[in-house]
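Computed from a predicted model, the values in this text were never measured in an experiment. Atoms within each ligand, like the ligands themselves, are counted from 1 in listed order.
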Amino acid sequence: MDFINLKAQYAAYKTEIDAAIAKVLNSAQFIMGDEVDALETALANYAGAKYAISCSSGTDALLIALMALDVKEGDEVITAPFTFAATIEAIALCGAKIVFADVKNGDANIDPAAIERAISPKTKAIIPVSLYGNCADFDPINAIAGKYGVAVIEDGCQSFGASYKGAKSGALSLIGATSFFPSKPLGCYGDGGAIFTSDDALADAFARIRNHGQGERYEHARIGLNGRLDALQAAILRVKLAHFDDELRRRRDLAARYDEAFSDLNRIRYDQNSAIAQYTIRLRERERVALDLKTRGVPTAIHYPKPLHLQSAYAHLGYKRGDFPVAEALANEVLSLPFSAFLTAQEQDQVISAVKAVCL
Ligand SMILES: *Cc1c(COP(=O)(O)O)cnc(C)c1O
């Protein structure tokens with residue numbers, strides 16, 4: 001069985017996807033153009049934000065957001081130490097200082113009380129990560145940001161489709177960033193991402209930064225990037241977006257079935273508002289369990305084995321083991337099980353009986 005069954009997904013939409021690709025090839029409009037415009041409109045409508053600006057990856061979505069806010073050397077940005085490295089790369093690439101605030105047990109997302117303790121006069125932005133498809137707790141986070149006058153950028157790279165108190169990921173704070181990496185809840189067939197906002201000036205800045213800082217062609221009013229999304233990826237995403245709510249329903253049904261089977265296991269908490277990017281349990285004997293599952297034909301993955309404050313590239317920040325105990329415990333214990341909208345009932349039964357045999 002596959003950890004994420006992308007082949008079954010392509011087989012399910014093959015006719016539509018092949019036609020969408022052929023249309024782009026025949027048009028020879030490979031960069032920007034109608035497909036990209038149509039996708040951006042569809043994404044903004046889906047998320048409930050005024051604007052969606054597509055871009056080359058989730059990493060670039062975060063970087064473009066920080067560049068548009070003019071985050072630079074001397075500024076501080078608060079985020080979680082338990083996330084994928086891209087979250088903090090974007091901060092480091094702007095020259096700003098990364099300040100960590102620990103996450104919570106339960107959903108593994110950043111603790112709003114820890115954010116408030118980490119605020120300083122230099123804080124320019126907060127990047128809550130909606131990890132595993134679970135939205136971070138945006139009401140208290142936005143309230144803290146309002147109190148201290150700092151911006152909030154949601155790292156929604158794993159949570160496109162999730163919702164929080166009736167609003168969708170991407171539209172939960174001033175800016176939302178997402179990724180269309182193939183294994184994310186909504187994935188393309190390469191790299192891709194998007195930035196959401198309802199602020200006119202920020203949307204204009206995002207659009208310019210992702211295209212070399214240009215408004216008018218060859219007029220470079222600001223420093224930008226080659227951060228555009230390919231028309232081919234936009235066309236593929238438009239097909240997949242039309243099926244996305246069906247996939248989300250399927251993901252939520254499958255997760256509910258895992259929840260029921262694993263009620264005696266320590267696990268990340270999901271609800272029916274989550275996009276459930278990964279289905280993740282927590283175990284003290286993780287390495288042995290992962291090996292035993294492998295011999296029973298069940299692949300697993302670890303998201304993520306080492307928290308970011310202990311990574312050597314960020315040693316200069318001066319953090320040490322023990323600084324973020326919840327992040328450290330999660331990094332030692334998490335194990336993600338096979339999961340996608342195309343996991344079959346038979347495969348799920350196989351996972352459930354293998355996990356029960358090995359852990360319970
Ligand atoms: C995947 C991911 C990113 C980066 O997205 P890419 O499209 O791979 O650049 C950033 N943050 C988190 C939490 C992610 O899971």
ask   = For ligand 1, is any non-hydrogen atom under 4.0 Å from Ser57's backbone (N, CA, C, O), its side chain (CB onward), both, or neither?
value = both
query = Taking only heavy atoms of Thr87, which atoms of ligand 1 are found under 4.0 Å from at least one of them?
reply = 11 (N)
request  = Can you pull out the closest protein heavy atom to atom 11 (N) of ligand 1? Residue, atom name and distance to 0.1 Å, please.
outcome  = Asp155 OD2, 2.8 Å
message = Under 6.0 Å between ring centres: does that hold for Tyr319 and Phe324?
response = yes
task = Using distance alone, decide if ligand 1 has a nitrogen or oxygen within less than 3.5 Å of any nitrogen or oxygen in Phe181.
result = no
ask   = Does ligand 1 have a heavy atom under 4.0 Å from the side chain of Thr59, from its backbone, from both, or from neither?
value = both
Ligand-side contact atoms (ligand 1) for residue partner Cys157, heavy atom cut-off under 4.0 Å = 2 (C), 3 (C), 10 (C), 11 (N), 12 (C), 14 (C)
key: Top protein contact for atom 2 (C) of ligand 1, by heavy-atom distance   = Lys184 NZ, 2.6 Å
query = Within 45° of the axis and under 6.0 Å from the centre of the six-membered ring of Phe138, does NZ or CZ of Lys165 qualify?
reply = no
Of Arg228, Lys50, Arg210, the residue whose pairing with Glu40 passes salt bridge (Lys or Arg N to Asp or Glu O under 4.0 Å) = Arg210
query = Looking at Thr83, which atoms of ligand 1 are within less than 4.0 Å of one of its heavy atoms?
reply = 13 (C)
message = With side chain to side chain contact (heavy atoms under 4.5 Å, CB included) as the criterion, how do Asp2 and Phe342 come out once you've worked through the C-alpha distance, each side chain's angles and the decisive distance to 0.1 Å?
response = CA-CA 10 Å; Asp2 290 323; Phe342 292 87; over 6 Å; no
Ligand 1 N/O within reach of Ser179 N/O, cut-off under 3.5 Å = yes
note = ligand 1 atoms nearer than 4.0 angstrom to some heavy atom of Ala86 are 3 (C), 4 (C), 10 (C)
Same apolar cluster: Leu248 and Leu43, side chain cutoff 4.5 Å = yes
query = In terms of atom number and element, which parts of ligand 1 are under 4.0 angstrom from non-hydrogen atoms of Gly58?
reply = 5 (O), 6 (P), 7 (O), 9 (O)
ask   = Taking the six-membered ring for Trp, is the centroid-to-centroid distance between Tyr314 and His309 below 6.0 Å?
value = no
remark   = Result for side-chain contact (heavy atoms from CB on, under 4.5 Å) between Ile88 and one of Thr79, Ile127, Leu93 points to Thr79
request  = Would you mind running through ligand 1 and noting each atom that sits below 4.0 Å from a heavy atom of Val129?
outcome  = 13 (C)
task = Determine whether the aromatic ring centres of Tyr270 and Tyr279 lie less than 6.0 Å apart.
result = yes
